[in-house]
A.B. asks: 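Below is a structure I'd like to ask you about.
Numbering of residues begins at 1 and proceeds along the displayed sequence. Source: prediction; values computed, not measured.
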Amino acid sequence: MLKEIRPAIILTLLLTLLLGLAYPLGMTRLAGMFFPHQASGSLIVKNGAVIGSEIIGQTFSSAKYFHSRPSATTGTDDKGNTIALPNNAANSMGSNLGPTSKALMERIRGDVEKLKAENPGAAIPVDMVTTSASGFDPDITPAAALFQVPRVAKARNLDQAKVEALVNQFTKPRTLGIIGEPAVNVLKLNMALDAATAG
């Protein structure tokens, strides 16, 4: 019986070493060599301090900043209770609420009312009221960014055309012209906005 089991044990050990250790370590090393920025988390550094990542959304609530799309991620409080914790990168998840969920409908209605008051008469982009599957999407659509231009321009006392030009400057096109959709990285746009109004 040992004669039949021995090849299976040896093959399991060899495949574990090859695919469980050698391959992941090799790919990690290659990624670090060829794509160091992405392999280290696509971190954004300002004045020597890490302030965020290009691939993890952040919550901006001030009227002076562009806002990310809603986030359904959660966390725990001191007592171990589950609480809403937007853009919690340690807990990637969607809300799992379906179209018949009253809680989802109430949240969306509240968001829609708030956005209508912010920009009356404008069509509300869908990503301004829906959460992403990961819960911390760093990008919004160009339509969502343009929707927020009047609020941001007013809060910063800037000409809307100047803010709109910044949105256009930070709109990333489709990859290779066909993959994905155009997007605007919220953190990078807000950093550019701060730089444009500094002093």
A.B. asks: For Pro125 versus Ala123, what's the shortest heavy-atom pair and its separation?
C.D. replies: CD-O, 3.3 Å
A.B. asks: Test your reading of the model: is there a side-chain donor-acceptor pair from Thr171 to the backbone of Pro142, 3.5 Å cut-off?
C.D. replies: no
A.B. asks: Would you check if Leu146 and Glu164 make a side-chain contact, meaning some heavy-atom pair closer than 4.5 Å?
C.D. replies: yes
A.B. asks: Flag yes if Leu13 and Tyr23 sit in one hydrophobic cluster, no otherwise; membership is Ile, Leu, Val, Met, Phe, Trp, Tyr, and two members link when side-chain heavy atoms are under 4.5 Å apart.
C.D. replies: no
A.B. asks: In terms of side-chain heavy atoms, does Thr131 have a donor or acceptor partner in Arg69 at a distance below 3.5 Å?
C.D. replies: no
A.B. asks: With heavy-atom distances below 4.5 Å as the criterion, would you say the side chains of Ser53 and Ser42 are in contact?
C.D. replies: yes
A.B. asks: Does any non-hydrogen side-chain atom of Phe35 lie less than 4.5 Å from one of Leu30?
C.D. replies: no
A.B. asks: Where do Phe147 and Asn119 come nearest, in terms of heavy atoms and distance?
C.D. replies: O-ND2, 2.8 Å
A.B. asks: Verify the neighbour count for atom NZ of Lys114: are there more than 12 heavy atoms of other residues, nucleotides or ligands below 6.0 Å?
C.D. replies: no
A.B. asks: State, with a plain yes or no, whether a side-chain heavy atom of Glu54 is found less than 4.5 Å away from one of Ile44.
C.D. replies: yes
A.B. asks: Please find the pair of heavy atoms, one from Pro24 and one from Gly20, that lie closest to each other, and give the distance.
C.D. replies: CG-O, 3.6 Å
A.B. asks: So which heavy atom on Ser101 is nearest to which on Leu104, and how close?
C.D. replies: OG-N, 3.2 Å
A.B. asks: Are side-chain heavy atoms of Lys116 and Glu113 found at a separation under 4.5 Å?
C.D. replies: yes
A.B. asks: Which pair of non-hydrogen atoms, one from Phe66 and one from Val186, has the smallest distance, and what is that distance?
C.D. replies: O-CG1, 3.4 Å
A.B. asks: Determine whether Arg151 and Lys154 make a side-chain contact, defined as any pair of heavy atoms from C-beta on separated by less than 4.5 Å.
C.D. replies: no
A.B. asks: Apply side-chain contact (heavy atoms from CB on, under 4.5 Å) to Thr197 and Leu158, showing your working.
C.D. replies: CA-CA 9 Å; Thr197 56; Leu158 290 172; 3.4 Å; yes
A.B. asks: Between atom CG of Asp137 and atom CD1 of Ile55, what is the distance when rounded to the nearest 0.5 Å?
C.D. replies: 11.5 Å
A.B. asks: Does Phe170 share a hydrophobic cluster with Ile51, counting links as ILVMFWY side-chain heavy atoms below 4.5 Å and allowing steps through other members?
C.D. replies: yes
A.B. asks: Tell me, please, which residues at least two apart from Ile5 pass side-chain contact (heavy atoms from CB on, under 4.5 Å).
C.D. replies: Met1, Ile9
A.B. asks: If we ignore hydrogens and angles and just use 3.5 Å, is the side chain of Arg107 paired with the main-chain N or O of Val129 as donor and acceptor?
C.D. replies: yes
A.B. asks: Are Ile140 and Ile56 linked, directly or through other ILVMFWY residues, by side chains that come within less than 4.5 angstrom of each other?
C.D. replies: no
A.B. asks: Among Val184, Leu189, Leu187, Asn185, find the one that has a side chain to side chain contact (heavy atoms under 4.5 Å, CB included) with Asp139.
C.D. replies: Asn185
A.B. asks: Decide yes or no on side-chain contact (heavy atoms from CB on, under 4.5 Å) for Leu166 and Lys162, but give the supporting numbers first.
C.D. replies: CA-CA 6 Å; Leu166 268 177; Lys162 183 176 182 179; 5.7 Å; no
A.B. asks: Among residues at least two apart in sequence or on other chains, which ones pass ring-ring contact (aromatic ring centres under 6.0 Å, His included) with Phe60?
C.D. replies: Tyr65
A.B. asks: Do Val149 and Ile124 land in one hydrophobic cluster if side-chain heavy atoms of ILVMFWY residues count as linked below 4.5 Å?
C.D. replies: no
A.B. asks: So do Asp111 and Pro70 actually touch side chain to side chain, heavy atoms under 4.5 Å?
C.D. replies: yes
A.B. asks: Ignoring hydrogens and geometry, is there a side-chain-to-backbone donor-acceptor pair from Arg174 to Glu181 under 3.5 Å?
C.D. replies: no
A.B. asks: Heavy atoms, side chains only, cut-off 4.5 Å: are Thr59 and His67 in contact?
C.D. replies: no
A.B. asks: Same cluster or not: are Val126 and Met128 linked, directly or through other Ile, Leu, Val, Met, Phe, Trp or Tyr residues, by side-chain heavy atoms under 4.5 angstrom apart?
C.D. replies: no
A.B. asks: One thing to verify: whether Lys64 and Asp194 come together as a salt bridge, which I'm taking to mean a side-chain N less than 4.0 angstrom from a carboxylate O.
C.D. replies: no
